[in-house]
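In what follows, every heavy atom counts, from backbone to side chain, and hydrogens, waters and symmetry copies are set aside. Just so you know, residue 1 is the first one in the sequence shown, and it goes up from there. The model shown is predicted, which means the values in this text are computed figures rather than measured ones.
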Amino acid sequence: MRRTRILTAVLALAAGLLAGTPPALAADSTAKVSLAADTYTWKNARIDGGGFVPGIVFNRSEKNLAYARTDIGGAYRWQESSKTWTPLLDSVGWDDWGHTGVVSLASDAVDPNKVYAAVGTYTNSWDPKNGAVMRSSNRGASWQKTGLPFKLGGNMPGRGMGERLAVDPNKNSVLYLGAPSGKGLWRSTDSGVSWSQVANFPNVGNYQQDPSDTSGYASDNQGIVWVTFDESTGTSGNATRAIYVGVADLQNSVYRSTDAGATWTRLAGQPTGYLAHKGVLDAAGGYLYLSYSDKGGPYDGGKGQVWRYATATGTWTNISPVAEADTYYGFSGLTVDRRKPGTVMATAYSSWWPDTQIFRSTDSGATWTRAWDYTSYPNRANRYTMDVSSSPWLTWGVNPSPPEQTPKLGWMTESLEIDPFDSNRMMYGTGATLYGTENLTNWDSGGQFTIKPMVQGLEETAVNDLASPPSGAPLLSALGDVGGFRHTDLTKVPSMMFTSPNFTTTTSLDFAETNANTVVRVGNLDSGPHIAFSTDNGANWFAGTDPSGVSGGGTVAAASDGSRFVWSPAGTGVQYTTGFGSSWSASSGIPADAIVESDRVDPRTFYGFKSGKFYVSTDGGATFTASAATGLPSGDSVRFKALPGVKGDVWLAGGATDGAYGLWHSTDGGASWTKLSNVDQADAIGFGKAATGASYQTLYTSAKIGGVRGIFRSTDKGATWTRINDDAHQWGWTGAAITGDPRVYGRVYVSTNGRGVIYGDTSDTSGGGGTDPTDPTDPTPTGACTVTYKITNQWSGGFQADVQLSNTGSSAWTGWSLGWAFPNAQTISQTWNAESAQSGSTVTAKNVGWNANVAAGSSVSFGFTGSWSGTNGKPTAFKLGDQACTVA
C-alpha cells in the first residue's frame, strides 16, 4: 500500500526546503571539520518489501535479466544466483531526492548491458526538480543522467500504468518516453543522451483523477502512459515501423504509427470510456492485448475490460474474463507467454476485497480461468498455495472470515510478468511485496502452483522514526504503510509487524531509557486508537485510549523510567498521562502539534519544540514553559533528542536554507543553546556507543558539513566530524531519523524515504567505546563520587530503583564499577544501563559500553528491578572501586 507514503516525507521536505527562519544565534567557533571518510559496510535491516512495486521488466534477449521499479524507493536488478534483488539507485543524493521515484524502466534487448530509468517522484510543487532519464551501460552499476524540461511522477496517480519508457527492439539508439502533465511524447535517437518532443503526436492526454485538487497531485493530467513496439515490423539496425502508444484519455486511448514515428493515427474502432493501463504486443500471435480500467489507479477502479487488437486486420475483440457488469474493479496487470503464443494473463488490480484476482487464458483470450473461484459462497477454491515463511508478516497477523484469506493474493496488482524464457516463472507486484511462482504451468494441468515472496533485497519502506534501546532488541522502527518492526536480528525478517493495534503508519515511538521494556508508539489508523504500549520491549502491545479529538499519531515521549508519557497527537493539543494512557490531561503552556521528547535521566522532565520555540516541563508534562533562547529554526522541520545518562543535555537539528539551519547543543535543558559553526545544515541527530577513550557518546547526523551532504559521525562532542557514507551510498532523503547503537561502537541506523532502514558498521577496529564490565583488568576510576539511590516503584514482593552516579572529582572516568550491600537481603532480577552481579547481599554494577566514559562534573544513571520481603531498606554506603561515595 502506498496511500500514506504520498505525504510522509514530502511535507517534511517542503518545510525543510521552503520555510523561512530567523538568523542563528551565536555559534561555537572553536569546532573543527574533518571529512576524512571512514570505511563502512552498509546493509538493510531486513524487512523484505513493504511497498508498492508498480513495474517489472524482463529483458527479451538474455535469460534471467530482470528489473523492478518502485514508486519512491528506486530500481532493482534481479540476481539469479542468489534469488535476490540488487538496488541500483542508492547513489541518488539529497538534492536530487525525487529521482528515487521511478516512473518507468526499459531494458535494451539489443544490448542487454544497457538499461534506462525515467525518474522523478512528483509532478506538482512537492518535488522542486524536474525529472530525468538515467542511462547505464553496465546494468545499473553506474549511471549517466539527462535532465528533462518537465517533471515525472513515480509516486503520482497512474504510476502503475506503463511502461512509459521503451527502447526500439530493432534500432536501440531510438527510445520513446511518455510524459505526464500535457508534455506529450518524447523521443531520443542517441541512446537517451538527448531528448526532443514528438511534435506531431496528436494527443497529450486529458485524464485527471480529481480536477478539483488544488495541490496539483490528483489534478495532474496523467498524460502518455505506455509505448510498445511491434518488432516484426522492423529489421536489425532499422527503426521499427509500427509503434503503439497509450494515452490517458477515456475516449482516445490508443494511437499507432506505421512509419517509425513520422505520423500518428488514433486506432479506429477502439473501446471508449476506459483508460488503457497496459498495451502488450504478442508479435508471434499478431495481437496487441490491452487491459482497461475506468480509473488511472493504483487504488481506484470500479469497472474494467480486456481487449485484443489484431494488428494485421484491425479487428477489435472484447476478451474480458468477466462481463463488465460483474466487475467492481479495473484491469491492469497484463502479460503474455513468449514461449507459448496465445497464453495471456491479466489482473483485477483494484479488487481490494475479498482479494485481488488473476486471470489466465491459453487461447488468446477466448476462454479464461481464475486464480480462485467460489465453491459455495463464501468458501473459495484456490489454484495456488501461498508460502510466506520467508516474510511471515505478510499475514498481517489477522484471521479474517471467508471469503477473505491470509495472506492475500495481493492488492494494487498492476505489474505482472511471465519470464520470456521460462513459462513456469511469473512475478507480480503488490502494494506490499513482490510475489512469484516457478511452477506456473501447474495452473493448466489442474494442479496448484506455489506463490512465494520473491522480494529479498528489495527494501521499500518509508521510515519515520528509529530507536535502539540499551537492552532488548537492537532496533525498533516506525514505518509508513506497514507500521513498524522489532528487529532482534538485523539479518532476518521479523515474524510480524507491530500489531494490537496495527497502525497503517507509525509516526513516532519511544522507550523508557532506564526501563527499555517499556515502549510506546503512536500512528495513524482509519478507525481505532492511535497509541499503543508494550511492557516487553515491543514484543507485544496493547492499545491505549485516545483523548478527545485525536486524528493522527503525531509524536510521543516516554519518561525515563516509564512512569508517564507525553503525547502530541494530530487533531488536538499536547497531552500527558501517568500509567499507560487510560486517561489523559491537557498540557498547558505548549502549542498543539509541538514535537515532544523526554529527558533521558529525569522522569519528570519533558521537552517540546514548535515554530522556533523550545519548551520545558519539569512536572511530568502537566505544564510547559517556553525557553528564552532565540535564534532556533523558525519552521517545524526540526528533530531533537536528549542524551542518555546526562540530565539536560539536548541536541537539536533542523532548519531551512533561507534561515537558521544547522545543529544546536544545550547542556542546561534548553535554557541556552550553542550552534555548532562547523555544521552547515543538519536534519537529524542521534547517539551511539562512545569510542574507546572518549568521554562522550558518539554523535551521528544526517547533515551538510564542509559543503558536503552525507551521514557524519563525531566521537568528540561535535568538535570534529567524519563522513561515514560515500557517494555510492546516499539513499536520497535521510532526514527523518538517525540513531547509533548503544551497544555496538560505530553502528548507525539511517532512515530513508523508500529504501527501508539502512544500517552501517565501521571497519575501524580501534573504536569500541568504553570497557568490558566483565573484564577484571578494567581500570578502576578514582576521585570523588556521589550516589543517589531512589526507589521509583514498589509492589508486593517487588520494586524498581534508579541509581545516579556522579563524578564529582576533577578527572574523567573511562570505566566504573559501583558496589553496595542491601540491608534486607533484597535481590536484583533485571538491570538496565549497567551490568550487575550479586553474591548474597553484595551487589556490583559495572558500566555497559556506551556509558563507560563519565566526564568530571557529569553523571551516569542506571536502574533495576528486584524482589524484597519484610522490609525494603535503602543501601547506606556505596563504593566506586575502593573509593567511598557520598550518598545524596
Please step through side-chain contact (heavy atoms from CB on, under 4.5 Å) for the pair Tyr299 and Trp411, ending with a clear verdict.
CA-CA 9 Å; Tyr299 313 114; Trp411 56 88; over 6 Å; no
Please tell me whether [X] and [Y] form a close aromatic pair, meaning their ring centres lie under 6.0 Å apart.
X: Trp126; Y: Trp733; value: no
X: Tyr40; Y: His729; value: no
X: Phe359; Y: Phe331; value: yes

Among side-chain atoms of [X] and [Y], is any donor-acceptor pair under 3.5 angstrom?
X: Arg135; Y: Tyr116; value: no
X: Thr504; Y: Asn524; value: no
X: Lys145; Y: His99; value: yes
X: Asn203; Y: Asn252; value: no
X: Asp168; Y: Thr240; value: yes

Let's go through Tyr176 and Arg164 carefully: what are the C-alpha distance in whole Å and the side-chain angles of both, what is the deciding distance for side-chain contact (heavy atoms from CB on, under 4.5 Å) to 0.1 Å, and is it a yes or a no?
CA-CA 8 Å; Tyr176 283 85; Arg164 297 172 184 257; over 6 Å; no
How about Lys83: does its NZ atom have over 12 heavy atoms from other parts shown lying under 6.0 Å from it?
yes
Between Trp195 and Val133, does the side-chain contact (heavy atoms from CB on, under 4.5 Å) criterion hold? Intermediate values first, please.
CA-CA 9 Å; Trp195 293 83; Val133 174; 3.8 Å; yes
For Arg46, does its backbone N or O pair with a side-chain atom of His487 as donor and acceptor, under 3.5 Å?
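Yes, the answer is positive, given that a donor and an acceptor are paired below the 3.5 Å cut-off.
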Give the ring-plane orientation class for Tyr428 versus Tyr435, where under 30° counts as parallel, over 60° as perpendicular and anything between as tilted.
tilted
